[in-house]
2 protein chains.
Amino acid sequence: MRRTNVEPIRKAALVNAAISEIAQAGTLDVTVGQIARRAGMSAALAHHYFGSKEALFLAAMRHVLTVYGAEVRGALALARGPRERLDAILHASFSATNFRRDVVGAWLNFYVLAQTVPEARRLLAVYQRRLRSNLVAALRPLIGAEAGPVADRIGAMIDGVYLREALGQRAPDGRSAVALVGAVVADALGMQGHRPA
Amino acid sequence: MRRTNVEPIRKAALVNAAISEIAQAGTLDVTVGQIARRAGMSAALAHHYFGSKEALFLAAMRHVLTVYGAEVRGALALARGPRERLDAILHASFSATNFRRDVVGAWLNFYVLAQTVPEARRLLAVYQRRLRSNLVAALRPLIGAEAGPVADRIGAMIDGVYLREALGQRAPDGRSAVALVGAVVADALGMQGHRPA
DNA sequence: TCGTTTATTGAGCCGTCAATCAACAAACCT
DNA sequence: AGGTTTGTTGATTGACGGCTCAATAAACGA
């Protein structure tokens with residue numbers, strides 16, 4: 001066995017470079033060469049490690065989803081009670097690591113990719129299912145049967161805030177994003193009992 | 001002067017074809033040739049009328065935004081009172097013409113385009129400003145100073161529902177989309193007086 | 001009829017980019 | 001040292017797509 005196993009290092013560098021480049025130029029214009037240069041190696045090496053441009057994109061997407069998932073799980077583990085679980089999900093979604101400009105830009109491009117590439121579609125579907133199930137689990141003790149519909153609202157809201165951030169001219173602000181979604185959550189919880197349906 | 005001025009006809013055909021093709025393949029893979037073929041003409045003619053691929057994309061984007069804007073204005077003209085104005089905006093946003101799969105797909109790609117092309121960014125910014133100002137105008141008589149923040153929530157919610165629809169496997173359902181956003185609106189309006197902040 | 005304007009296209013140039021390959025470099029083992 | 005595995009790249013290829021252009025067809029006016 002080699003002493004320095006460079007493969008994972010190279011792959012990680014390429015994945016990070018891909019995220020940045022994709023966010024900046026879109027999957028449309030970004031070339032393997034650009035990504036490789038940013039990662040400090042030749043285009044040939046990128047092909048050597050990932051085989052194809054598409055495979056590299058999917059790896060980048062998996063990485064973003066993995067990091068996000070890990071952060072959510074970590075925050076949930078510390079939460080005591082349903083309200084804290086909700087807060088944990090929101091804060092993880094808009095944390096400094098996930099709510100960065102380039103990551104948000106990459107997300108947007110992944111959505112576009114998902115319209116064509118089945119594997120990308122599958123990955124996004126997994127993310128959405130997990131998010132929904134986490135939300136429902138936290139909401140159920142608070143509002144019972146309403147948990148499903150309310151989870152759908154919050155989920156759409158999170159995606160919407162992400163989408164808008166991709167276009168915003170100023171740097172992403174996790175705090176205000178949490179406040180925005182948090183208001184919807186508070187409304188939905190507060191309405192319990194005030195209205196029949 | 002020619003009897004039949006084909007130019008506007010050709011341009012409209014190209015714009016519609018572009019929307020469909022973009023939604024299906026993304027701005028990445030779609031070629032001018034594909035769009036032109038769908039519109040029933042040669043790629044050379046598409047270049048003749050629009051000059052460049054990017055100009056064609058922007059024309060398609062303008063068309064989508066124009067149709068949407070006209071529909072909102074039309075619905076607002078018929079509305080009596082703030083509540084009906086809110087409903088009018090929602091229904092126009094998710095009407096059968098705007099909430100079609102290919103149109104939603106095109107929207108998504110326009111967002112990506114806006115990350116690189118300044119003119120696309122400008123167009124999206126105009127759309128967002130108009131939507132917000134319409135929402136605020138309708139909300140102000142109902143909730144006063146809260147109109148601004150609530151409009152931001154509803155706006156993000158609409159975008160989020162659009163985004164999710166682009167990925168959904170079943171056909172877009174305007175009714176359920178209106179219900180989703182409508183619930184947030186109802187919550188926000190209902191909360192008036194129940195909470196201090 | 002004939003020239004002029006308008007509409008349209010096939011062919012091709014030019015550039016780009018994903019992917020391949022053969023060769024080189026370096027670390028390791030024996 | 002010699003050989004083998006691992007890491008890396010420049011050069012090349014093959015394909016493709018945006019865009020141009022010269023040429024054709026058709027509609028019109030005089």
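Chain letters run A, B, ... following the sequence lines, proteins first and then strands; every chain starts at 1. Everything numeric in this text was worked out from a predicted model, so none of it was measured.
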Rounded to the Å, how far apart are [X] [atom1] and [N] [atom2]?
X: A:Glu54; N: C:dA19; atom1: CD; atom2: C1'; result: 14 Å
X: A:His47; N: D:dG10; atom1: NE2; atom2: C1'; result: 15 Å
X: B:Met41; N: C:dA7; atom1: CE; atom2: P; result: 12 Å
X: A:Leu45; N: C:dA18; atom1: CG; atom2: P; result: 15 Å
X: B:Leu14; N: D:dG18; atom1: CG; atom2: P; result: 13 Å
X: B:His48; N: D:dG18; atom1: NE2; atom2: P; result: 18 Å
X: A:Asp29; N: C:dA18; atom1: CG; atom2: P; result: 11 Å
X: B:Arg37; N: C:dG10; atom1: CZ; atom2: P; result: 12 Å

Before giving the answer on side chain to side chain contact (heavy atoms under 4.5 Å, CB included), spell out for A:Trp107 and A:Leu65 the whole-Å C-alpha distance, their side-chain angles and the decisive distance to 0.1 Å.
CA-CA 9 Å; A:Trp107 266 103; A:Leu65 290 173; 3.3 Å; yes
For A:Glu119, is there an ion pair with A:Arg62 - N to carboxylate O distance below 4.0 angstrom?
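Result for this pair is yes, salt bridge flagged.
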Which residue, A:Val32 or B:Tyr49, contacts DNA chain C at a nucleotide closer to its 5' end, judged by nearest heavy atom?
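Nearest-nucleotide comparison on DNA chain C picks B:Tyr49.
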Report the residue (A:Ala44 or B:Ser42) whose heavy-atom-nearest nucleotide on DNA chain C is the more 5′ of the two.
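It is B:Ser42 whose nearest nucleotide is closer to the 5' end.
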Spell out, as yes or no, whether a donor-acceptor pair under 3.5 Å connects the side chain of A:Arg101 to the backbone of A:Gly168.
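Side chain of A:Arg101 to backbone of A:Gly168, a donor-acceptor pair under 3.5 Å: yes, one is there.
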Hey, are B:Tyr68 and B:Ser93 close enough side-chain-wise for a donor-acceptor pair under 3.5 Å?
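B:Ser93 vs B:Tyr68: donor-acceptor pair found between side chains.
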